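What follows is one structure encoded as structure tokens, with my remarks underneath.
Given the structure is predicted, the values throughout are model-derived calculations rather than measurements. Chain A is the first sequence line, chain B the second, and so forth, proteins listed ahead of strands; every chain is numbered from 1. Only heavy atoms go into these numbers, but all of them, side chains included; no hydrogens, no water, no symmetry mates.
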Amino acid sequence: MPNTFGGLTGFQWVIFGAALAVIGGGIGSAMGITYIANVAAGILTEDPDKFGALLPLIAIPGTQGIYGFITGILVMTVMKPGAGWSVLSGYSGLLIFFACLPVAFNCLVSAIYQGLTASGAAGMVAKRTEDAGKALILPALVETYAVLSLITTIIMLIVAIKPTITV
Amino acid sequence: MSRSAIYEGPKSGHGSRGRAPAGPGRAYGLLARYRRYRGPLENLKVTREPAKYGYAVGRIKVREMGLLNSQRLGRLIEADFDEALHILEEADYGDYLKGSRVASDVDAGLMRFLQDLYELLREITPAGSHIAEFLLDRYDFHNLKVLLKQRCCGEQNEGPMLDLGTLDPEALRVALENPAKLPQHLVGPVLEVLALPEITSQWVDTVVDRHFFEHRLVLAREEHSGFMEEFARTSLDLANIKILLRAKNLGKDAGFLERALAEGGRMGKVWMAALVTQPAEEMLRALGGSRYAAGLLQFLGVEDEQIRLTDYDKRADDLMMAQLHQARRIAVGVEPILGYIRGRENDVAVLRIILMGKLHNLSPEAIERHVRRLYVDKERL
């Protein structure tokens, strides 16, 4: 029987963390895309020719969902001990769970705010299609912090946690 | 700044300070509900508004390009009538005014434009939003005034009813025969007018206008929009100030004002009513401590105890437009919609002034003096 931490086995902690990362990123992206897609739908109703200029703005809040998905895949495949999940201690599982949190929370919030920023930027495109490049820069700045959270999560998983599960 | 702050004059005190809004019971119920839920709803506003109004804002962001701007306005003022019609083709108004030759053509064209504008508003307004009602209700109240004057005062020449509101004018005429069939917000003014000891045209205007301003404030609160509430309060205050100034010129007493002034503005009703007993200079000085001193009240003068109201309407409109400019800083929400529709209505008023001026051979300078501030122009005023 593997030891537990807080009543959960290492595998249960890992599942918890991976699920949280995917859920956080997914919810954030879904909300962010909804916001910008609503505005874009209104603009495209009036001027369908702006589809190409608006598409990057609509897509950009979707990246956080991808980061959450990457984290989930990473945790469930790369983090799996050679002897199987049953050898993973509860404490090690807890560390993996904590490593998932930067992506889970940061991607949830940043995707929502990126959608809001993109909605404002879409107003620029509505008036001047040639400003689409400038408009994309604004929500892209919000992306920085989602990327940083993904990098942090990966570093935490690989540098800090991987050695503990191979002992 | 507290939203419930009521200006009742400087601390030294003028007249009664006791205030307790005594509006309709329904308004109180809604207000209490609004206050109870406002905290959590306000917290969610940042994410609620884009989902609710995103589509509508997208539609109007594109159409905002057709609004009048200062450059077009300058060309319009300098142009002759035919050139002006040609310039307007750049700003969405051309199709409506094409071929206009006389004043009735211009009026009909602008009316068709407003009908299409309000059709767009109804189309893009999301379910559960009060913005269309907030913007169009005034036509219902206008039609109600026309009908009440025809019925109670025997007046037949109070101008036509306008088919621009939320209610069909003919349906309103039928419903007026049985006030129980009227929408809830129109029952109050009708019953109040019918209960007057002597029904005059002036009292019909006074009572219906008061109910209109109070109802619009209730709608703004139901929408949970601080911007709409501020807009409703400011327009209510400006209407109250105008009533007060005209009452002073006509020698009315405080009792009249307590029945005529609307509740819910930034300036206390009881305090305002008490001002009418003071000399005109004193009254203007007391009002000068309010937020409306700059840009409006400072331009009013007194001559033989009569307050000159020249330009009051224009300056009040400009003040409202200055407030609406803040809507342009909000990316998504009910605010840009309110700003756009009011901006278009303002454009229509400006176009009417310009084109009628051209038809009557007024000089560009004379026309410019009457032109209102534009929604997309921050430089004027």
Side-chain angles (χ1 to χ4, degrees), chain A residues 24 27-55 57-58 60-61 64 105 107-132 134-139 141-142, chain B residues 42-69 71-72 90-92 116-117 119-129 131-132 325-341 343-344 375-377:
Chain A
I27 290 176
S29 285
M31 290 178 73
I33 290 177
T34 300
Y35 299 150
I36 171 63
N38 272 336
V39 177
I43 295 172
L44 293 174
T45 303
E46 297 289 328
D47 188 354
D49 292 340
K50 293 189 188 292
F51 180 75
L54 287 170
L55 188 59
L57 286 174
I58 301 168
I60 198 166
Q64 281 86 339
F105 287 106
C107 286
L108 168 66
V109 176
S110 68
I112 292 170
Y113 279 94
Q114 195 168 44
L116 296 173
T117 313
S119 301
M124 289 171 65
V125 178
K127 290 176 180 165
R128 287 180 300 275
T129 310
E130 60 272 23
D131 282 350
K134 292 176 196 164
L136 189 59
I137 298 290
L138 306 177
L141 292 173
V142 183
Chain B
E42 283 284 328
N43 293 340
L44 292 173
K45 187 178 164 73
V46 69
T47 53
R48 181 170 46 87
E49 298 283 283
K52 190 174 178 183
Y53 292 108
Y55 175 77
V57 169
R59 296 282 301 266
I60 63 161
K61 285 291 175 191
V62 177
R63 290 178 181 240
E64 271 183 358
M65 295 298 287
L67 282 160
L68 286 183
N69 56 31
Q71 189 191 3
R72 280 179 191 150
E90 301 166 13
D92 299 345
D116 285 354
L117 178 71
E119 194 54 45
L120 171 76
L121 175 65
R122 291 188 193 94
E123 185 189 330
I124 64 176
T125 299
S129 171
I131 182 68
H325 276 137
Q326 294 167 28
R328 305 193 74 211
R329 299 178 194 152
I330 299 165
V332 184
V334 72
E335 297 84 0
I337 303 170
L338 173 63
Y340 172 74
I341 299 293
R344 282 290 190 189
Y375 178 58
V376 291
D377 183 7

Closest non-hydrogen atom pair between [X] and [Y], with its separation:
X        : Y        : answer
B:Gly58  : A:Ile43  : O-CG1, 3.4 Å
A:Gly120 : B:Ala331 : CA-CB, 3.6 Å
B:Val62  : A:Ala126 : CG2-CB, 3.9 Å

Mind checking the CE-NZ spacing from B:Met65 to A:Lys127? Nearest 0.5 Å is all I need.
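Between B:Met65 CE and A:Lys127 NZ, I get 7.5 Å after rounding to 0.5 Å.
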Does atom CD of B:Gln71 have more than 12 heavy-atom neighbours from other groups under 6.0 Å away?
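For B:Gln71, atom CD is not crowded (no more than 12 foreign heavy atoms under 6.0 Å).
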Looking at A:Lys134, I'd like to know if its NZ atom is crowded, meaning that more than 12 non-hydrogen atoms belonging to other residues, nucleotides or ligands lie closer than 6.0 Å.
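No, because the 6.0 Å sphere around NZ of A:Lys134 holds 12 heavy atoms or fewer from other groups.
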Given that the side chain runs from C-beta out, which part of A:Ala41 has a heavy atom under 4.5 Å from chain B: side chain, backbone, both or neither?
both
Report the residues that fulfil salt bridge (Lys or Arg N to Asp or Glu O under 4.0 Å) with B:Asp116, sequence neighbours left out, ordered by chain and then residue number.
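Salt bridge (Lys or Arg N to Asp or Glu O under 4.0 Å) list for B:Asp116, sorted by chain: empty.
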Heavy-atom cut-off 4.5 Å, strictly under: side chain, backbone, both or neither for B:Val332 against chain A?
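Looking at B:Val332, just its side chain touches chain A.
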Taking only residues two or more places apart in sequence, or in another chain, which ones meet A:Phe105 in a side chain to side chain contact (heavy atoms under 4.5 Å, CB included)?
A:Leu101
